[in-house]
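Worksheet: the structure to be examined is printed underneath.
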2 protein chains.
Amino acid sequence: MYVTSPVDYFENAQPIPPTWSEDVAAEFSCVTTIHTGHSLFCEGDDADFVYKIIEGVVRTSKVLMDGRRQVMAFGYPGDIVGLSHDGLYHSDCDAIDEVKVRIYRKNTFNMSFDEEPDFCGQMLRHAATEMNDMQEHFMMLGRKNALERVASFLVVLLDRVGEKHDCTTCFDIPMSRSDIADFLGLTIETISRSLTKLRKDGVIDLPNPHRVCICKTSALRDLGENDL
Amino acid sequence: MYVTSPVDYFENAQPIPPTWSEDVAAEFSCVTTIHTGHSLFCEGDDADFVYKIIEGVVRTSKVLMDGRRQVMAFGYPGDIVGLSHDGLYHSDCDAIDEVKVRIYRKNTFNMSFDEEPDFCGQMLRHAATEMNDMQEHFMMLGRKNALERVASFLVVLLDRVGEKHDCTTCFDIPMSRSDIADFLGLTIETISRSLTKLRKDGVIDLPNPHRVCICKTSALRDLGENDL
DNA sequence: CGTCTATTTGAGTTAGCTCAACCGTCGTGG
DNA sequence: CCACGACGGTTGAGCTAACTCAAATAGACG
């Protein structure tokens with residue numbers, strides 16, 4: 001099931017000491033870089049690690065036997081990926097660009113919280129936040145049309161990574177059209193056509209295929225009808 | 001924003017004592033019944049409680065301004081609903097049939113875990129399980145066709161509440177066609193047609209609209225292509 | 001400069017939607 | 001007791017948004 005080996009960053013793992021506090025936590029985690037296109041983990045692997053994104057963007061996805069793929073989420077800096085309920089990963093996770101992550105050994109906190117209860121609390125808060133995002137995602141996949149989905153997607157990115165320049169807000173889109181399509185449950189052609197329509201309507205500008213500038217923020221928000 | 005009042009079950013709430021252990025937990029939670037069609041909570045309400053389903057089935061859903069609705073999940077006995085990341089509920093939750101729940105005061109464990117760390121662990125495990133279910137749900141909404149979605153849905157119910165009788169496994173479907181449609185991102189007509197097709201193909205039997213018997217389990221599983 | 005890959009654009013097809021009719025069950029009231 | 005209307009589910013017919021397939025375009029890279 002392995003595409004690339006996701007665990008060889010952790011060869012010199014230290015033994016786990018009896019107590020664990022915030023400032024020694026660093027000893028039980030390590031920072032590493034995953035190169036563009038490489039996997040953090042694959043579906044079916046033992047879920048031994050949890051990853052916190054420091055830099056770059058990852059993609060978590062699942063594939064059906066016939067190759068149909070659904071992208072669950074894009075993980076941006078601050079996001080946590082790799083939580084499992086049964087000790088196995090149930091999705092693939094790949095680096096979309098050059099990604100720096102902090103890797104935590106699962107057994108130091110996950111499923112056994114004796115050492116540091118607050119880490120569990122942080123984890124739960126994070127899970128609750130992610131579940132909320134997932135509910136927004138359900139709304140898109142189940143009930144919004146193509147243009148609304150693309151608009152919603154752009155609004156989420158706008159609020160998360162938009163850089164305000166005078167009247168427009170711009171940001172990079174590190175993922176391919178194919179990634180966006182598989183995230184939104186559409187095809188690359190429909191993504192392209194929707195972006196073109198938004199551009200022709202003057203809502204956005206596309207300096208290049210991997211960068212967007214939002215010209216009419218409120219129009220985009222109206223289209224996306226995102227919560228909050 | 002209220003449809004029905006979801007909080008009047010908790011009029012005689014007790015003050016929170018300083019310590020909290022498993023056997024006194026009952027004091028900080030209470031069991032109550034929510035009647036068919038009534039709400040446990042609504043989007044926008046203060047998320048003061050978390051609910052564990054004891055009996056019956058609940059539906060969590062979101063609606064867009066124009067009335068389009070997406071059902072996020074059906075909560076069966078053992079499931080927990082009402083987790084929030086920011087102190088507000090972001091979905092509606094309603095009783096599909098007569099529902100018995102245990103209501104926990106959020107502040108006794110959620111977001112402040114000083115008293116009982118293990119409750120947080122249970123919560124996190126539950127959240128991880130639910131996130132896994134949600135990922136299956138994404139696959140359905142984004143990448144499966146109507147028949148596959150209905151088959152997947154039936155397989156999940158089959159594994160969860162199926163009662164095996166000789167060669168077939170049967171279970172009740174407490175939710176309406178409209179609920180199923182809004183869960184699967186389809187219309188009631190498409191649900192009906194898909195069920196009829198499965199019946200005509202001999203995969204299932206429908207003694208009445210709210211009960212299914214699975215005749216060809218493996219055929220249904222093949223169609224649904226569920227993970228695990 | 002040519003090849004490769006990602007994206008955009010165009011044209012025709014189709015799965016699922018919309019709208020409408022129909023059917024069975026249930027509760028209500030004359 | 002039965003007629004009636006309301007409601008939930010099923011079935012049919014036509015429509016349309018998004019898909020599929022195909023071609024054109026544009027960068028990126030050796």
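Within every chain, numbering begins at 1; the chains are lettered A, B, ... in the order of the sequence lines, protein sequences first and strands thereafter. These values consider heavy atoms only, across backbone and side chains, with no hydrogens, waters or symmetry-generated copies.
Here the two rings, on His85(B) and His90(B), have centers that are under 6.0 Å apart. With ring centers used as reference points, Phe183(B) lies under 6.0 Å from Phe153(B).
As a whole-Å value, the separation of Asp182(A) CG from dA6(C) P is 13 Å. Nucleotide dG16(C) holds its P atom 7 Å from the CZ atom of Arg149(B), rounded to whole Å.
Taking the 5' to 3' direction, DNA chain D first and last meets chain A under 4.0 angstrom from a heavy atom at dA18(D) to dC21(D).
For the pair Arg143(B) and Asp66(A), the salt-bridge criterion is not met [side-chain N within less than 4.0 Å of a carboxylate O]. Lys62(A) has a carboxylate O that lies under 4.0 Å from a charged side-chain N of Glu136(B), or vice versa, which qualifies the two as a salt bridge. Looking at Arg211(A) and Glu163(A), a side-chain N of the basic residue comes within less than 4.0 Å of a carboxylate O on the acidic one, giving a salt bridge. Salt-bridge check for Arg160(A) with Asp79(A): passed, with a basic side-chain N closer than 4.0 Å to an acidic carboxylate O.
Under the 4.5 Å side-chain criterion, counting only non-hydrogen atoms from C-beta, Met139(A) is not in contact with Gln135(A). Under the 4.5 Å side-chain criterion, counting only non-hydrogen atoms from C-beta, Tyr51(A) is not in contact with Arg102(A). In this structure, Arg69(B) and Ser178(B) have side chains that are in contact, with non-hydrogen atoms separated by less than 4.5 Å.
Side-chain contact of Glu98(A) with Thr36(A): a donor-acceptor pair under 3.5 Å is present, judged by distance alone.
Atom-to-atom distance recorded for Lys100(B):NZ and Thr33(B):OG1 is 6.5 Å, nearest 0.5 angstrom. In this structure, the separation between CZ on Arg68(A) and NZ on Lys144(B) is 8.0 Å, given to the nearest 0.5 Å.
Applying a 4.0 Å cut-off to non-hydrogen atoms, none of the residues of residues 169-177 of chain A approaches DNA chain D. DNA chain C is contacted by Gly185(B), Leu186(B), Thr187(B), Glu189(B), Thr190(B), Arg193(B) of residues 184-200 of chain B, taking any non-hydrogen atom closer than 4.0 Å. Near DNA chain D, meaning a heavy atom under 4.0 Å from it, residues 205-216 of chain B has Pro209(B), His210(B) in order of number. For DNA chain C, none of the residues of residues 56-66 of chain B falls under the heavy-atom distance limit of 4.0 Å.
Across every non-hydrogen atom of Asp166(A) and Lys164(A), the tightest pair is O-NZ, 3.7 Å. In terms of heavy atoms, Val81(A) sits closest to Cys93(A) at CG2-SG, 4.0 Å.
By the ring-ring contact (aromatic ring centres under 6.0 Å, His included) test, Tyr89(A) pairs with Phe41(A), sequence neighbours left out.
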